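Some notes on the structure that comes next.
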Amino acid sequence: MKTISFYDTKPYDRDYMLAAAGAAELTWRFHEFRLTAETAATAAGSDAVCVFVNDKLDRDCLQQLAANGVRHAALRCAGFNQVDLAAAKEFGIAITRVPAYSPHAVAEHSVALLLTLNRKIHRAHNRVREFNFSLAGLVGFDLHGKTVGIIGTGKIGRCTAQIFRGFGCHVLAYDPAPSVEWGSENQIGYSSLDDVLAQSDILSLHLPLTKDTHHLLNGRSLAQMKRGAYLVNTSRGKLVDTTALIEVLKNGHLGGVALDVYEEEEGIFFEDHSEHGLLEDDELSRLLSFPNVLVTSHQAFLTKEALDEIARVTVTNLRHHMTEQPFLDSSVL
Ligand code: NAI
């Protein structure tokens, strides 16, 4: 029997993971808190840890895990910017992830955010519930004929681009490793980042967070965007410099911003802070005060299909480690 310490547990994680594990020889220790250097001691006696996007597997944390006998960290997500991979290698901890669970889940949420924001569905919903049936202030724009810029045409970026093509949008993409054949099959052209920034009415980010992509959208690049353009970020918060974003919202340069991720979301997103009635993060509070900003709490992945697949692949990765079988190539980092 192998023991898995499971961090940042939500009720749906537990349900889907236990269903996927079935009668597998795994003992689960579900923790609601996140795994960080401060909490790493709680993994003592475990063979593996299972973590999500806001756990923090830095050098200090990984060193403690190794000292406590942990040999595998199974990420139940695709992104892996929360892990110091070099340190994991040094301490002999295998890192696996779920490289693709449902790109459709994230792509569809990106488009849902944009449609909600543009057509002001969230505001309309609140109004009619108070029997206010006025349309004042609810004017949106047609997506048909608009230019959508997709930054990063991996699995999610390609799905998102194709949905926008279905709306009759022109899609322009930037990716240092372009999928040229896919682009020509879908009438999607690649261009430089500068060009995509300058031409897009809507810009949607679908690239990983790395040292090179940190603050890809900063004061300079945000200023390159068309006046009145909409920005959608369902990838990672740190791709966007929040201070600069607030500036372009204040001066009216951007028409709207839809975010499923936020630069400093750790410790805020996924939690209920409503009882305190106070948000200590001033920049998030400022963002939430703009009528043309829509924020969801990193929920783009949250569909039944994605949760099933995340649980299935994570349990497979844990089993493979347990039985010393090689990992699926696509899961290993
Ligand atoms: P992927 O690995 O299939 O594609 C990423 C693409 O980005 C690749 O084509 C790569 O060449 C490109 N890229 C790398 N550096 C770039 C740069 N500097 N500029 C433009 N493109 C660049 O990844 P996938 O599955 O499409 O996921 C994309 C991102 O979505 C993930 O890295 C993750 O951060 C985020 N994500 C968010 C979720 C959510 O719930 N909000 C859930 C799952 C993923």
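Keep in mind it's a predicted model, so treat the numbers as computed, not measured. The figures that follow rest on heavy atoms only: side chains count, while hydrogens, waters and symmetry mates do not. Atoms within a ligand are numbered from 1 in the order they appear, just like the ligands themselves.
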Does anything in residues 66-117 form a ring pair (Phe, Tyr, Trp, His ring centres under 6.0 Å)? List the pairs, not counting sequence neighbours.
His72-His321, His72-Phe327
Fit a plane to each ring of Phe164 and Phe167, take the angle between them on a 0 to 90° scale, and name the class: parallel (under 30°), tilted (30 to 60°) or perpendicular (over 60°).
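Rings of Phe164 and Phe167: tilted, 30 to 60°.
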Who are the side-chain contact (heavy atoms from CB on, under 4.5 Å) partners of Lys304, not counting sequence neighbours?
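Residues passing side-chain contact (heavy atoms from CB on, under 4.5 Å) with Lys304: Tyr16.
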Got Leu333 and Val83 here, is their nearest side-chain heavy-atom distance under 4.5 Å?
no
Could you tell me if the side chain of Val49 sits less than 4.5 Å from the side chain of Ile93, heavy atoms only?
no
By chain and number, the residues contacting ligand 1 below 4.0 angstrom (heavy atoms only) are Tyr101, Val106, Ile151, Gly152, Thr153, Gly154, Lys155, Ile156, Tyr174, Asp175, Pro176, Ala177, His206, Leu207, Pro208, Thr213, Thr234, Ser235, Arg236, Asp260, His298, Ala300, Phe301
Set of side chain to side chain donor-acceptor pair (under 3.5 Å) partners for Asp260, sequence neighbours left out:
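Result, side chain to side chain donor-acceptor pair (under 3.5 Å) vs Asp260: Thr296.
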